[in-house]
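Following: one structure in structure tokens, then a few remarks.
Along the sequence shown, residues carry numbers from 1.
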Amino acid sequence: MLTPALSLWLHALAALLFALLPLAALRTGGDALPRRALAGALGLTALAALATAGIGADEIVTHATEALCTLGWLAFLLLLHRRAGEPRPPLALGTVYGVIALVTLAALALDGIAAAPGEIADKAASVALLLHMLVAVGALVMVQALYAALAHSAGAGLRWSVAALGGLWLAELAVRTLAYLGVPTDGLLLVAHGAALVCVAAAMGLGLQRRGDWRVRMSRTVAYQSLTLVAVGAYFVLLALATSALATLGGPHARLLQTAFVFGATAAILGLVSNSGLRGWVKVKLAKHLFRHRYDYRAEWMRFTETLGAPGAAPLDQRIVRALADLTASPAGLLLVAEDGGLVPGAGWHWDRAGLPHAADPVLFAHLETSGRIIEVDAVRLGLAEGGDADATPGWMRNAAHAWVVVPLLHRGSLVGAILLARPPLARRLDWEDFDLLKAAGRQVASYLAEARAQEALAEAQRFDEFNRRFAFLLHDIKNLVSQLALTARNAERHADNPAFRADMIATLRDSSDRLNALLARLGQHHRGRSEPARPTALLPLLEGLVARQPAQVRLEKAAPTTALAQPAALEQLLVHLIQNAIEASPADARVTLALALDGDAAQIDVIDRGCGMSPGFVRSRLFKPFTSSKPGGFGLGTFEAQQLAQAMGGRIEVESREGEGTRFRVVLRAAPTVEAAA
């Protein structure tokens, strides 16, 4: 007899406390606080506790008051979002709260069926308990989202009140769960429920004594998680209902039908969830219909800047492409670099480089720089493009089936490049929000790209200054040597007959010669003559002489007698640079290969190694620049000087390289006419 009495007094005390709280709620907060809704919810909670104390926990009237209490609190939580400054709550929140309210009413209907005598009363009561548990879980999720939203915009008192409201639903979930497991609700369980209500009322009373800011904003992440939890709960409820129906209607095969249904439903759900295209479609539809904007700009911009600011992950060009691709869920992208009034393919992110052009495209460059338009390649293919986009889109881009969007990178009115994005798994036409976001992101990455180019130019200028300072010291030493030699020459006119002077002069000349040789060694690759004219030169003896110097490291193959117009000394120096670089890039036991061939009116000399190779971006933009070297401590002047020497002879250098496989440098010279060669 003590347990029922204790339950009665605890629920009566909780009813009294909740009945007093509306007075405090009406005096708390500003005009934007839904005080009436709060007071109504508190009053309905007091009525539910009073019904439990006076009538009983299992009566239909008590279930009805508990349902009204639940609806009152859901209405209060929903009205809190008016403080976000919106004329109406977000549709996503309204959907979640509406689903919870419908489940509450369904549970009340099943409670009514369970109260009436009949064969399905027990099954209706069991399903009703499941629905009550689902309502409690959904309400807890929304309270947790509300508490997280208030974490940075409200005081401790308000957060305490919200946490206490979570305790109300937690107690409800515990009672329903234990009841579903078969624990009687008229014993100690009901006493614990009453004690929990008293604690919740006291905690909410303490929280309402302090004012706080009730402005709330629900993030997309919380909304998606809430919808996911509600969907999971609804799935389990439907599963329970279906299995109960099969148990009633299945007869002797009920167990087999239930097993088959559960297995089939689980397999279907797992198949749907693992479909990336379906997940993308659902996300797009939710963003389109449940939110005012397609993008969560705060989350997107934080991810965008984090990708750009991660230097250890990849080179800047690749990070730029990936950051822009992530905004639209694009799986790949290609950077088009502005060069000589056109656009040439640069770094790529998951982009197949087969079929990419090597020449610059001036038409696309001019169109993007003057119009600043974002080109939809799909619209160009369908003949729906506007503003000259179709005429500016090159053929290779139309033929690339995965090409989707071209985003110009404009910096202070100048085009520094463009990014070609691949089509995402869920293809769609871009709208104004996509265009605005891509334009803003394009300007941002353009500033990064322009700043990086400016930093490279500044670093190159600083290296030139450092090199000039080094030459200044060398010139100072040369000036001293010249002065010393000039003084020796003048004194020789007067003291040439003096044996002591002659000995001193010889020592001075020897010292000057040693110092000059040391200076020449320091000048190294910069000491050369350029005045020698190009003339017919036999290439095979020249290559054989180079191989003879380092037979253990260099070998000659596929060589035929060939004559080309060249400067022998300059060509030898050019090949020495390329051979030395190839040796340094190759493993210790690998030999560098020289090959000589004649292709029409062009003589070709190949320097081939099987070393570490170079990336396409390095070959295109850094290989032939001075002071840029892939070797530690290297000045990067060898390939630069080699290119200058080849161009001075009317030739060129071509490069083929693959990372991890090796490099082929090809020196192409004009073949000497037969008459000149014979002469």
Side-chain angles (χ1 to χ4, degrees), residues 358 524-525 528-614 616 619-620 623-624 630-631 637-679:
H358 299 288
Q525 54 195 353
R528 65 171 186 270
R530 295 178 179 268
S531 59
E532 182 183 6
R535 58 183 175 82
T537 303
L539 300 181
L540 182 57
L542 180 62
L543 296 183
E544 291 174 343
L546 292 174
V547 172
R549 297 180 188 177
Q550 305 177 82
Q553 295 175 305
V554 185
R555 64 189 180 93
L556 179 63
E557 67 174 21
K558 297 181 181 179
T562 305
T563 304
L565 294 176
Q567 302 169 5
L571 180 58
E572 181 179 359
Q573 188 171 357
L574 181 158
L575 294 174
V576 166
H577 287 320
L578 297 183
I579 293 171
Q580 186 61 34
N581 286 342
I583 292 173
E584 293 175 357
S586 301
D589 56 347
R591 298 173 70 187
V592 175
T593 301
L594 300 183
L596 177 62
L598 184 65
D599 184 9
D601 58 349
Q604 299 176 349
I605 304 173
D606 289 344
V607 180
I608 307 167
D609 68 72
R610 294 293 180 262
C612 56
M614 297 171 288
V619 172
R620 183 187 59 80
L623 175 61
F624 293 109
S630 59
K631 298 178 294 184
L637 291 172
T639 52
F640 171 73
E641 185 178 35
Q643 186 188 52
Q644 298 295 315
L645 291 171
Q647 292 175 352
M649 293 183 288
R652 67 182 185 275
I653 297 179
E654 299 175 351
V655 184
E656 296 179 11
S657 183
R658 291 183 179 273
E659 291 180 286
E661 297 182 14
T663 304
R664 176 195 299 268
F665 281 87
R666 171 167 291 175
V667 181
V668 182
L669 301 171
R670 293 175 296 170
T674 305
V675 177
E676 292 186 21

Subject >> Between CD on residue Gln643 and CG on residue Leu578, distance to nearest 0.5 Å >> reply: 11.0 Å
Subject >> Ala590: side chain to side chain contact (heavy atoms under 4.5 Å, CB included) partners, not counting sequence neighbours >> reply: Ser586, Pro587
Subject >> Nearest-0.5 Å distance that lies between atom CZ in Arg664 and atom CZ in Arg658 >> reply: 12.0 Å
Subject >> Contacts of Arg666 that satisfy side-chain hydrogen bond (donor to acceptor under 3.5 Å, both in side chains) - sequence neighbours left out >> reply: Asp606
Subject >> Which atom of Ser657 lies closest to which atom of Thr663, heavy atoms considered >> reply: OG-OG1, 2.9 Å
Original post:
Can you tell me how far OG1 of Thr639 sits from CE of Met614, rounded to the nearest 0.5 angstrom?
Top reply: 8.5 Å
Original post:
Any side-chain heavy atom of Val554 sitting closer than 4.5 Å to one from Ile579?
Top reply: yes
Original post:
Do you know which two heavy atoms are closest between Pro568 and Thr537, and how far apart they sit?
Top reply: CG-OG1, 3.7 Å
**OP:** Decide yes or no for Val592 and Arg555: does some side-chain heavy atom of the first lie under 4.5 Å from some side-chain heavy atom of the second?
**Re:** no
Subject >> Distance, nearest 0.5 Å, that separates NE2 of His577 from CD of Glu572 >> reply: 11.0 Å
Subject >> Atom of Arg610, atom of Ile608 and distance for their closest heavy-atom approach >> reply: NH1-CG2, 3.0 Å
**OP:** Go through the steps to decide whether Gln553 and Arg591 satisfy the test side-chain contact (heavy atoms from CB on, under 4.5 Å), and finish with yes or no.
**Re:** CA-CA 5 Å; Gln553 295 175 305; Arg591 298 173 70 187; 5.8 Å; no
Subject >> Point-to-point distance, once rounded to the nearest 0.5 Å, from CZ of Phe640 to CG of Leu623 >> reply: 12.0 Å
Original post:
Quick one: which of Leu575, Leu596, Leu645, Val607 gives a side-chain contact (heavy atoms from CB on, under 4.5 Å) with Val667?
Top reply: Leu575
Original post:
Can you find a heavy atom in the side chain of Leu571 that is under 4.5 Å from one in the side chain of Leu539?
Top reply: yes
Original post:
Could you give the distance from OG1 (Thr563) to CZ (Arg670), rounded to the nearest 0.5 Å?
Top reply: 14.0 Å
Subject >> pair Phe624-Ile653: side-chain heavy atoms closer than 4.5 Å >> reply: yes
Subject >> Smallest separation among heavy atoms of Ala564 and Leu669, with atom names >> reply: CB-CB, 4.0 Å
Original post:
So do the side chains of Val668 and Glu654 get within less than 4.5 Å of each other, counting heavy atoms only?
Top reply: yes
N/O donor to acceptor pairs below 3.5 angstrom from side-chain atoms of residues 540-548, sequence neighbours left out:
none

